[in-house]
S.K.: 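Dropping the structure in here first, questions after.
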Amino acid sequence: MLVSQLYAPTLRETPAEAEVVSHQLMLRAGMIRKAAGGVYTYMPLALRVLRKIENIVRQEMDAKGSQELLMPIIQPAEMWQETGRWNVYGDEMFRLKDRHNRDFCLGPTHEEMITTLVRSDVRSYRQLPLKLYQIQNKYRDERRPRFGLMRGREFIMKDLYSFDKDEEGLAKSYDQMYEAYTTIFNRCGLTFRAVEADGGAIGGSGTHEFMVIADSGEAAIVYCPSCDYAANVEKAELKAILMPEEELENLSVIDTPGTKSIEAVTNLLGISAAKTIKTLVYNTDKGVVVALVRGDHEVNEIKLQNIVDCLTIELADEKTVSEMLGSTPGFIGPVGIKIPMLIADTTVMNLYNAVCGANTPDKHYRNVNAKRDFSPTVVADIRLIQENDPCPHCDLPVKTARGIEVGQVFKLHTKYSKALKATYLDENGREKPMVMGCYGIGVSRTMAATIEQNNDEYGIVWPVAIAPYHVVIVPVSPKDEAQMSLSNTIYKTLTTSGIEAVFDDRNERPGVKFKDADLIGYPLKITVGPKTINENIIEVKVRRTGEIFYFDVNNYLEEIKALLARI
RNA sequence: CGGGGCGUGGCUCAGCUUGGUAGAGCACCUGGCUUGGGACCAGGGGGUCGCAGGUUCGAAUCCUGCCGCUCCGACCA
């Protein structure tokens with residue numbers, strides 16, 4: 001490709017709307033342009049990167065015996081109504097009507113579509129297992145699209161669905177996909193971690209997320225430096241903490257004027273937050289729920305949501321709290337509370353002589369003891385893990401990090417096959433639901449995550465495997481015929497040898513061409529200048545390390561191949 | 001959903017308070033000059049000032065409504 005012809009208009013300044021580095025650099029490098037909030041055009045350089053990621057994905061999916069197909073983006077409402085997700089999905093689903101006023105949506109995912117397809121064609125255990133995937137645009141009308149391609153409303157996803165005859169088969173498919181994902185993200189040159197995760201809206205249990213480690217990541221994860229445990233904080237389980245045993249004192253009410261926060265209460269009473277109970281009131285679609293955790297702990301709303309089995313959950317406002325409980329936030333407590341759902345964290349049950357709100361403004365209870373003074377509807381782990389909490393596997397302290405979720409593998413079991421009656425006949429002629437899994441990779445997000453992890457002050461630093469081109473050839477003086485001619489020869493030589501090269505033939509000063517090369521992030525840059533002409537040596541600079549190599553002008557091809565293989 | 005900020009040429013922004021013929025830098029076109037890290041000189045093209053109303057002799061500027069973009073928040077009691 002000649003740079004004079006390449007449609008990659010670079011920007012010297014960063015557009016004001018871009019917050020994260022991947023977004024900034026993709027705009028500046030002429031890779032993407034915004035069409036609407038969370039909706040982008042992929043320009044030629046970006047598309048080349050996407051195709052490379054897709055091809056790696058294809059190779060690894062096919063290597064596990066999967067087959068690619070392509071399903072419609074426009075999906076009829078009926079199949080979504082059959083699983084109940086037409087309503088569950090809510091405002092995140094792009095909905096539309098056809099001329100006959102029939103409801104459709106733009107596919108946010110394809111469990112309904114694929115299951116409906118497979119149920120009509122697969123009847124026998126002999127046809128299983130089956131693994132089908134596609135790579136296409138997905139549509140989710142995000143509450144808050146942001147960070148460029150990181151959280152778009154239209155994005156490219158690889159989604160694979162596995163159909164097995166039993167749990168054993170599913171476990172095998174799941175393991176195969178887990179392996180394939182590990183290979184894929186390694187091949188893309190990413191530093192990532194597979195973490196245990198929560199099922200979320202897609203449903204099912206048993207799931208891992210593949211997280212690219214980056215400070216700009218939206219997800220918080222914990223990992224254990226001592227064993228191999230790693231999880232999304234939403235998922236990380238915690239055991240009850242045992243507190244030193246004490247004599248049970250008599251319950252008493254104390255005045256605590258103006259102490260609306262745990263911190264204020266502990267300061268006033270001179271006690272540790274670990275001796276208090278924090279009481280939170282939530283509004284859910286299953287009604288009002290009260291949650292209890294130790295004062296220095298935080299509620300994991302995902303865990304709570306799973307226990308309540310609700311779709312929406314948010315902290316109740318002051319008005320709701322007053323109406324329900326006759327007190328204000330800050331002075332709520334579990335003793336004598338009248339509420340249908342009182343959920344206590346396991347550690348709360350181990351507290352002795354604790355302090356909590358007395359359900360009267362400016363009053364707290366002292367010497368509250370769980371089993372004696374109140375009885376929760378449910379006692380469960382509803383606590384959010386924090387740095388230095390004990391690892392669920394080895395009890396040593398965990399660390400926290402941030403990650404970008406680029407892939408997720410799910411065990412769906414029979415959730416969709418039962419809802420959509422996708423069954424097969426087993427060896428004994430008995431009808432059984434297929435056992436399903438689903439496996440997604442955010443292809444466009446992977447591109448953005450790669451940039452988040454591979455950039456410097458000058459621009460992008462592509463890993464060779466997914467770089468838009470491998471090499472850029474920059475002649476220093478466009479008016480110098482010898483330089484231009486040699487550059488062209490090198491360009492032709494590399495191109496015919498299967499090395500993807502661009503030749504910057506523009507009539508620009510060298511600085512402009514160097515800056516653009518660094519911004520776009522070609523792994524190698526060949527500079528053709530007076531030295532090249534006079535001394536017959538080619539200068540090759542490695543984008544990532546800045547190392548410079550000199551190769552003989554008559555024998556550089558193998559050297560460059562070796563260099564590309566090594567970096 | 002709530003709150004803030006912003007909307008002026010492709011990009012970054014000034015002008016708005018105090019209404020009076022729309023500006024700069026970058027980018028783009030032409031010519032010259034230059035060529036090892038975003039040169040310089042001269043000339044040039046390009047903007048219904050987000051949209052719709054209103055006030056006014058006159059609106060980018062004041063008022064109202066809407067739209068879009070963006071950030072933050074959505075209460076840890």
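Just so it is clear, the model here is predicted, and its values are computed rather than measured. In what follows, every chain begins at residue 1, and chains take the letters A, B, ... in the order their sequences are listed.
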S.K.: Once you apply a heavy-atom cut-off of 4.0 Å, does A:R28 come out as touching a base, just sugar-phosphate, or nothing?
M.R.: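 Base contact.
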
S.K.: Pick base, sugar-phosphate or nothing for A:V474, based on heavy-atom distances below 4.0 Å to the nucleic acid.
M.R.: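 Touches nothing.
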
S.K.: Can you tabulate the close N/O pairs, meaning under 3.5 Å, that link protein atoms to atoms of nucleotides 40-42 of chain B?
M.R.:
none

S.K.: Can you check nucleotides 1-8 of chain B for protein contacts, nitrogen or oxygen pairs under 3.5 Å, and list what you find?
M.R.:
none

S.K.: When the P atoms of B:C16 and B:C29 are compared, how many Å lie between them, rounded to an integer?
M.R.: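 To the nearest whole Å, 34 Å.
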
S.K.: Just verifying a value: how many Å separate A:M26 CE and A:N455 CG, rounded to the nearest 0.5 Å?
M.R.: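 If we round to the nearest 0.5 Å, A:M26:CE and A:N455:CG are 11.0 Å apart.
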
S.K.: Could you work out which one of B:G37, B:U35, B:C71 sits closest to the side chain of A:V476?
M.R.: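 When the side chain of A:V476 is considered, B:U35 is the closest of B:G37, B:U35, B:C71.
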
S.K.: Which pair of heavy atoms, one from A:E17 and one from A:L27, lies closest together, and at what distance?
M.R.: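 That would be OE2-CD1, 4.3 Å.
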
S.K.: For A:P9, which contact category applies under a 4.0 Å heavy-atom criterion: base, sugar-phosphate, or nothing?
M.R.: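 Touches nothing.
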
S.K.: Might you list the N or O atoms of the protein lying below 3.5 Å from N or O atoms in nucleotides 11-15 of chain B, with each pair's distance?
M.R.:
unit_1 : atom_1 : unit_2 : atom_2 : d
B:U12  : OP1    : A:A16  : N      : 2.8
B:U12  : O2'    : A:E13  : OE2    : 3.3

S.K.: Which one of A:R506, A:R12, A:K525 satisfies the salt bridge (Lys or Arg N to Asp or Glu O under 4.0 Å) criterion with A:D516?
M.R.: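 Output: one option passes, namely A:R506.
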
S.K.: Identify which nucleotide among B:G37, B:U35, B:C76 has an atom closest to any side-chain atom of A:L315, counting heavy atoms from C-beta outward.
M.R.: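 The closest nucleotide is B:C76.
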
S.K.: What's A:D516 touching, base or sugar-phosphate or nothing? Going by heavy atoms closer than 4.0 Å.
M.R.: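 If one applies the 4.0 Å heavy-atom cut-off, A:D516 turns out to touch a base.
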
S.K.: Is there, by distance only and without an angle test, a donor paired with an acceptor across the side chain of A:E508 and the base of B:G38 below 3.5 Å?
M.R.: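 When only heavy-atom distances are counted, A:E508 does not reach the base of B:G38 through any donor-acceptor pair under 3.5 Å.
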
S.K.: Should B:A39 form a Watson-Crick or G-U wobble pair with both distances under 3.5 Å, which nucleotide is its partner?
M.R.: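 Matched B:A39 with nothing under the 3.5 Å cut-off.
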
S.K.: Report the distance from atom NE2 of A:H470 to atom CD1 of A:I499, rounding to the nearest 0.5 Å.
M.R.: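 Interatomic distance, A:H470 NE2 to A:I499 CD1, rounded to 0.5 Å: 8.0 Å.
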
S.K.: If you measure from the Lys or Arg side-chain nitrogens to the Asp or Glu carboxylate oxygens, is any gap between A:K541 and A:E547 under 4.0 Å?
M.R.: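 Result for this pair is no, no salt bridge flagged.
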
S.K.: Just call it for A:K34: base, sugar-phosphate, or nothing, with non-hydrogen atoms closer than 4.0 Å on any strand.
M.R.: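 A:K34: backbone/sugar contact only, no base atoms under 4.0 Å.
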
S.K.: Which is more 5' along RNA chain B, the nucleotide nearest A:V299 or the one nearest A:R12? Just name the residue.
M.R.: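 The residue closer to the strand's 5' end, by nearest nucleotide, is A:R12.
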
S.K.: Between A:T279 and A:L519, which is nearer to the 5' end of RNA chain B once each is assigned its nearest nucleotide?
M.R.: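 On the 5' side of the pair lies A:L519.
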
S.K.: Kindly confirm or rule out a cation-pi arrangement of A:R95 over A:W86, judged by NZ or CZ under 6.0 Å from the six-membered ring centre and within 45° of its axis?
M.R.: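 Yes, A:R95 lies over the aromatic ring of A:W86.
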
S.K.: Counting only Watson-Crick pairs (N1-N3 plus N6-O4 or O6-N4) and G-U wobbles (N1-O2, O6-N3), all under 3.5 Å, who is the partner of B:C62?
M.R.: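 With both distances under 3.5 Å, B:C62 matches B:G54.
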
S.K.: Give A:E298 one of three labels, base, sugar-phosphate or nothing, depending on what nucleic acid heavy atoms sit under 4.0 Å from its own.
M.R.: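 Base: the residue A:E298, judged by heavy atoms under 4.0 Å, touches a nucleobase.
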
S.K.: What orientation do A:Y522 and A:Y469 show, parallel under 30°, tilted 30 to 60°, or perpendicular over 60°?
M.R.: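 Aromatic pair A:Y522/A:Y469 classed tilted.
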
S.K.: If you check every side-chain atom of A:L280, which of B:G36, B:C76, B:C71 has the closest atom?
M.R.: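 The closest nucleotide is B:C76.
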
S.K.: Measure from the side-chain heavy atoms of A:E301 and tell me the nearest of B:C76, B:U34, B:C71.
M.R.: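 That would be B:C76.
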
S.K.: Once hydrogens and angles are ignored, does a donor-acceptor distance under 3.5 Å link the base of B:G36 to the side chain of A:K541?
M.R.: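 Flag unset: no donor-acceptor pair detected.
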
S.K.: I would like to know whether A:R140 and A:E154 meet salt bridge (Lys or Arg N to Asp or Glu O under 4.0 Å); could you show each step before the answer?
M.R.: CA-CA 7 Å; A:R140 293 182 192 171; A:E154 176 185 81; over 6 Å; no

S.K.: May I ask you to say whether A:R543 pairs ionically with A:D456, meaning some side-chain N is under 4.0 Å from a carboxylate O?
M.R.: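 Salt bridge: yes.
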
S.K.: For a side-chain contact (heavy atoms from CB on, under 4.5 Å) check, start with the C-alpha distance between A:H23 and A:Y40, then their side-chain angles and the critical distance, and finish with the verdict.
M.R.: CA-CA 11 Å; A:H23 191 195; A:Y40 291 86; 3.2 Å; yes

S.K.: Pick base, sugar-phosphate or nothing for A:S477, based on heavy-atom distances below 4.0 Å to the nucleic acid.
M.R.: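 Contact class for A:S477: sugar-phosphate only.
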
S.K.: Is the ring pair A:F94/A:Y139 parallel, tilted or perpendicular, if the boundaries are 30 and 60 degrees?
M.R.: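 Ring orientation, 0 to 90° scale: perpendicular.
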
S.K.: Can you spot which of A:V348, A:I343, A:D345, A:T346 makes a side chain to side chain contact (heavy atoms under 4.5 Å, CB included) with A:V379?
M.R.: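 Between A:V379 and the candidates, side chain to side chain contact (heavy atoms under 4.5 Å, CB included) is satisfied uniquely by A:T346.
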
S.K.: Which base sits across from B:G2 as a Watson-Crick or G-U pair, both distances under 3.5 Å?
M.R.: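 B:C72 is the nucleotide pairing with B:G2.
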
S.K.: How would you label the contact of A:G357 with the nucleic acid (heavy atoms, under 4.0 Å): base, sugar-phosphate, or nothing?
M.R.: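 No contact at all - A:G357 keeps every heavy atom at 4.0 Å or more from the nucleic acid.
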
S.K.: At 4.0 Å (heavy atoms only), tell me whether A:L384 reaches a base, stays on the sugar-phosphate, or touches nothing.
M.R.: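 No contact.
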
S.K.: Base, sugar-phosphate, or nothing for A:K260, non-hydrogen atoms under 4.0 angstrom?
M.R.: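 The residue A:K260 makes sugar-phosphate contact but no base contact.
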
